[in-house]
Amino acid sequence: LRVQGTTDVPLNARGRLQAERCADSVLTQFRHRLCPSERSTPILSSSLQRAADTAQAIARAVTAEVHKDIRLNEWNLGVIEGMSKDEAAA
């Protein structure tokens with residue numbers, strides 16, 4: 001695992017699979033609350049690609065829109081971004 005912070009890295013294959021599983025779970029949990037004739041609540045996401053891609057997977061599952069908001073971005077972690085936990089601790 002690497003410290004990511006504001007480094008805008010896309011989801012890898014594992015992350016995409018996890019996003020799809022998350023979307024399936026959200027759909028299963030909230031299916032009874034979803035009404036196709038009503039406007040759905042937007043999915044909020046940071047502007048970082050990995051978060052937006054995850055939000056988009058959920059939005060597709062529940063037929064919603066993604067609204068990106070920079071205020072939801074992770075903190076800038078400076079020089080430790082991209083490092084492993086052990087590297088950052090050294």
Working to the nearest 0.5 angstrom, can you tell me the gap between C22 SG and Q29 CD?
10.5 Å
Is a side-chain N or O of S25 found less than 3.5 angstrom from the main chain of R21, in a donor-acceptor match?
no
When every non-hydrogen atom of R50 is compared with those of P10, the smallest separation belongs to CB-C, 4.4 Å
Minimal non-hydrogen separation, A61 against L27, with atom names
O-CD1, 3.5 Å
Working to the nearest 0.5 Å, report the span between CZ of F30 and OG1 of T28.
10.5 Å
H67 NE2 to L72 CG distance, which is reported to the nearest 0.5 Å
12.5 Å
Rounded at 0.5 Å granularity, tell me how far CD in Q4 sits from CE in M83.
14.5 Å
Is the shortest distance from a Lys or Arg side-chain nitrogen in R2 or E87 to a carboxylate oxygen in the other one below 4.0 Å?
yes
Could you please spell out the steps behind the side-chain contact (heavy atoms from CB on, under 4.5 Å) verdict for V9 and Q49?
CA-CA 7 Å; V9 295; Q49 192 62 50; over 6 Å; no
Taking atom NZ of K68 and atom CG of L48, what is their separation to the nearest 0.5 Å?
9.5 Å
Looking at L11, is its backbone amide N or carbonyl O close enough to the side chain of R16 to form a donor-acceptor pair, meaning the two atoms are under 3.5 Å apart?
yes
If only side-chain N and O atoms count, and only distance matters, is there a donor-acceptor pair under 3.5 Å linking S46 with E74?
no
Side-chain heavy atoms under 4.5 angstrom apart, residues restricted to Ile, Leu, Val, Met, Phe, Trp, Tyr: same cluster for V79 and V3?
yes
For N76, is there any backbone N or O sitting under 3.5 Å from a side-chain donor or acceptor partner on T6?
no
Test item: D69 side-chain N/O and S45 main-chain N/O as donor-acceptor pair under 3.5 Å
no
Taking L77's backbone N and O only, do any of them form a donor-acceptor pair with E81's side chain (distance below 3.5 Å, no angle check)?
yes
